[in-house]
K.L.:
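One structure follows; several queries about it will come next.
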Amino acid sequence: MYAQYLMRRFGMFLLVIFLAVTVNFMIPRLMPGDPVEQQLATLVATGGGQIGDVEAMAQAYRSRFGLDQPLWRQYINYWWDIMHLDFGYSLANYPETVSNSIRAALPWTLGLLGISTVISFTIGSLLGGLLAWPKTPRSMRIFIPILMTISSIPYFLLGIILIYFFAIRLPLFPAGGGFQFGSVLRFDGKTILDVGRHAVLPAVSIIVAGIGVWALEMRGMMISILGEDYISLAEMKGLKERRIFIWYGMRNGLLPLLTALALRLGYIVAGAILVEVIFSYPGIGYKLYQAVQSKDYFVIQGIVLILIFSIALLMLIMDLIYPLIDPRITYQQR
Amino acid sequence: MSQSVISRPLSRIRLRRLQTNSYLIIGLTIIIALLLFGFVGPLLVNTDLANVGANLPKLSPDGEHWLGTDTQGRDVFTVLVLATPRTLIIGLLAGILGVGLGLILGVTSGYMGGTVDSAVRVLADVFMTIPAIAILIVVATNVRSMTVGLMALIIALLAWRLPTRSIRAQTLSLRERAYIQVAKLNGVGDFEIIVKELLPNLLPYIAATFVSTVSWAILTTIGLEALGLGPQNELTLGMMIYWAQFYGAILRGFWWWWMPPIVVIALIFIGLFFTSAGMDQLVNIRLRKVA
């Protein structure tokens, strides 16, 4: 049974990758005009002095696009390059490859997003569980509309407000960037402290905006769990309340919440990208913003593909682990 | 002591019901106020004040310029009044197109079943996995000159996913209901069953999915705009934030420039969220009655 589920799920994953790559391949070719000419024209018009050897670049792109070859041939080449993680060269910083450029930005995003998602998920689900727990003081209920309000505001708008209050009005934290400008990144206490200080505000905006979502999901989950027989049984056995809450309530609510986390990954990543833009945080999102500003098409495309791959992969992994850790789930077709 | 965990006192249940209605009322009030602001407001202001250089730049708010002016000399209040309807239009247009397409796909797939259903289901599932903004960034990057209408169309490209899923699921359950089966046995045509029996019963779900699709569309358009992919020559709320960020308004302390669009955007989302939370409850109550 599990094998069949595994196959189905893996097939879906391959389909996602296939679609993403194909769409990325088709869209520029569906647009009117020669993409190379167009990209270079806009680049020359907007970039001015920064452009180096235009002719060499044009040659590089043309062979990259392989526009003289038939479409199917271009498509196969495209796949070949992508499988070798070759996304071409950056238009704005010519000799640099897109892969290198992404590799430099990736740890920043993974660090920021990973840590803040874990914190937000933990606090949010605990809060949500407590909100549904009947023994919680009634006064806690005022949190519900507050959480609903916060959870409906996009991450990055919260980020702007945080910058204004905690970096401009009250200069507690840096307003942007990932580390002190001009400092050399070394693995020592001073650097770690500096990087941490820069990460506080972007992390807080992701955490605060996320808490509302997880709390509301967990509350809903907990309310239905409290109606289950095993809760009554636990009570009749005279178990301690704390034990019932944690081991019978939270534990059973957390597993479905993980599915919700998997489903929301795309949304979370999209939100984090914009947070990075607002904070000029040196991750993937800010790189994407810079690439859009300089019309650096290959970098945009590379980042988009990496985003789709990694989200699809994460969702696949979570979906595969999930039935193993939750015995209530069967692997049958929906 | 243990009793209270399982059975809720009646008063609290009533309280929750009341809360439900108040969510819907709060949500709809905010939305109607925003619609009035966005669609009646532009008729009442002097739109020339939104032009570059129409006023002295960098003025802080006072009696004459309610929300001050930006570094380009535009009156922020006037810009806000003109930008709000455009953002709402993008959301509504993308929402209508998305739900329309989702309705066709969802009803066809749910009602017909079989291969069509499998195909639609896989398609929707696959597209749900792909982060929408990633695909839309690629599309928007390849557009030469972005406009409000085009923005709505691009977002509509992926706005059908949620409606398709939710309408398909509802159609699947409605299809098995007795009145549909009776109509079928009486030899009523499929098209007539869909129009006369299915659609009226789908209405509450369509309304609910419409609200969340509009909310999603506005969130996505603001995201694309913040990245610099929005309509450069038109005023929308997302572009207001983009330009404010572009000219360093946040770091330079011009709060009256970036705060108003944020407040309006937040109000839009809060309004839509409360509306959909209220509608969810209504739909669920209906469900309970039917079942």
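What you see below is based on every heavy atom in this structure, not just the backbone, and it leaves out hydrogens, waters and symmetry mates. Lettering of chains follows the sequences in order, A, B, ..., and the numbering in each one begins at 1.
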K.L.:
Who wins among A/I150, A/L316, A/L157, A/N24 for the most heavy-atom pairs under 4.5 Å with chain B?
P.N.:
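Looking at each of A/I150, A/L316, A/L157, A/N24 in turn, A/L157 comes out on top.
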K.L.:
Let's test your reading of the structure: which of B/P261, B/G223, B/A244, B/A266 forms the most heavy-atom pairs below 4.5 Å with chain A?
P.N.:
B/G223
K.L.:
Go through the atoms of A/I160 and report whether side chain, backbone, both or neither lie under 4.5 Å from a heavy atom of chain B.
P.N.:
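Answer is both: backbone and side chain atoms of A/I160 are under 4.5 Å from chain B.
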K.L.:
Can you find a heavy atom in the side chain of A/Y267 that is under 4.5 Å from one in the side chain of B/I133?
P.N.:
no
K.L.:
Please identify, among B/F246, B/F127, B/W255, B/W258, the residue contributing the most non-hydrogen atom pairs under 4.5 Å to chain A.
P.N.:
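Top option by heavy-atom pairs under 4.5 Å: B/W258.
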K.L.:
Heavy-atom distances under 4.5 Å only: say whether B/I270 touches chain A with side chain, backbone, both or neither.
P.N.:
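Its backbone and side chain both get close to chain A.
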K.L.:
Looking at chain B, which one of A/G285, A/G11, A/P154, A/A175 has the largest number of heavy-atom pairs inside 4.5 Å, strictly under?
P.N.:
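Counting heavy-atom pairs under 4.5 Å, the top option is A/P154.
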K.L.:
Determine whether B/V138 and A/Y297 make a side-chain contact, defined as any pair of heavy atoms from C-beta on separated by less than 4.5 Å.
P.N.:
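Yes, at least one pair of side-chain atoms sits under 4.5 Å.
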K.L.:
Are more than 12 heavy atoms, taken from residues, nucleotides or ligands other than A/F166, located less than 6.0 Å from that residue's CZ atom?
P.N.:
no
K.L.:
Heavy atoms only: give me the nearest A/V277-B/Q245 pair and the separation to one decimal.
P.N.:
O-NE2, 3.2 Å
K.L.:
Go through A/L15, A/I153, A/L307 and name the one with the most non-hydrogen pairs under 4.5 angstrom from chain B.
P.N.:
A/L15
K.L.:
Quick check for you: among A/L288, A/V269, A/I278, A/I163, which has the greatest number of heavy-atom pairs under 4.5 Å with chain B?
P.N.:
A/I278
K.L.:
Does any heavy atom of chain A fall under 4.5 Å from the side chain of B/F254, the backbone, both, or neither of them?
P.N.:
neither
K.L.:
Between A/I311 and B/T129, what is the shortest heavy-atom contact and its length?
P.N.:
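Minimum heavy-atom contact is CG2-O, 3.9 Å.
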K.L.:
How long is the gap from CE on A/M26 to CG on B/N142, to the nearest 0.5 Å?
P.N.:
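One finds 12.0 Å between CE of A/M26 and CG of B/N142.
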K.L.:
Which distance, rounded to the nearest 0.5 Å, do you find between the CE of A/M12 and the CE of B/M128?
P.N.:
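Nearest 0.5 Å value for the CE-CE distance: 10.5 Å.
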K.L.:
Restricting to non-hydrogen atoms, name the atom on B/P131 and the atom on A/G266 that form the minimum distance, rounded to 0.1 Å.
P.N.:
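Where B/P131 meets A/G266 most closely, the heavy atoms are CB-CA, 4.0 Å.
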K.L.:
Could you look at A/I308 and say if it's the side chain, the backbone, both or neither that has a heavy atom under 4.5 Å from chain B?
P.N.:
both
K.L.:
Just verifying a value: how many Å separate B/L219 CG and A/Y155 OH, rounded to the nearest 0.5 Å?
P.N.:
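Taking CG in B/L219 and OH in A/Y155, the distance rounds to 10.0 Å.
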K.L.:
Heavy-atom distance under 4.5 Å to chain A: side chain of B/I26, backbone, both or neither?
P.N.:
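Interface part for B/I26: neither.
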K.L.:
Any idea which heavy atoms bring A/P145 and B/F274 closest together, and the distance?
P.N.:
O-CZ, 4.2 Å
K.L.:
Give a yes or no on this: more than 12 heavy atoms of other residues, nucleotides or ligands lie within 6.0 Å of atom CZ of A/F143.
P.N.:
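Open: at most 12 neighbouring heavy atoms sit under 6.0 Å from CZ of A/F143.
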K.L.:
Which heavy atom of B/A226 sits nearest a heavy atom of A/F156, and at what distance?
P.N.:
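Shortest heavy-atom separation between B/A226 and A/F156 comes out as CB-CE1, 3.9 Å.
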K.L.:
Could you grab the distance from atom CD1 of B/I135 to atom CD1 of A/I27, nearest 0.5 Å is fine?
P.N.:
6.0 Å
K.L.:
Is it the case that more than 12 heavy atoms not belonging to B/R252 sit under 6.0 Å from its CZ atom?
P.N.:
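Yes - once you tally the heavy atoms of other residues, nucleotides and ligands closer than 6.0 Å, there are more than 12.
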K.L.:
Can you name the nearest heavy-atom pair linking B/L227 to A/Q293, along with the distance?
P.N.:
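For B/L227 versus A/Q293, the nearest heavy atoms are O-NE2, 3.6 Å.
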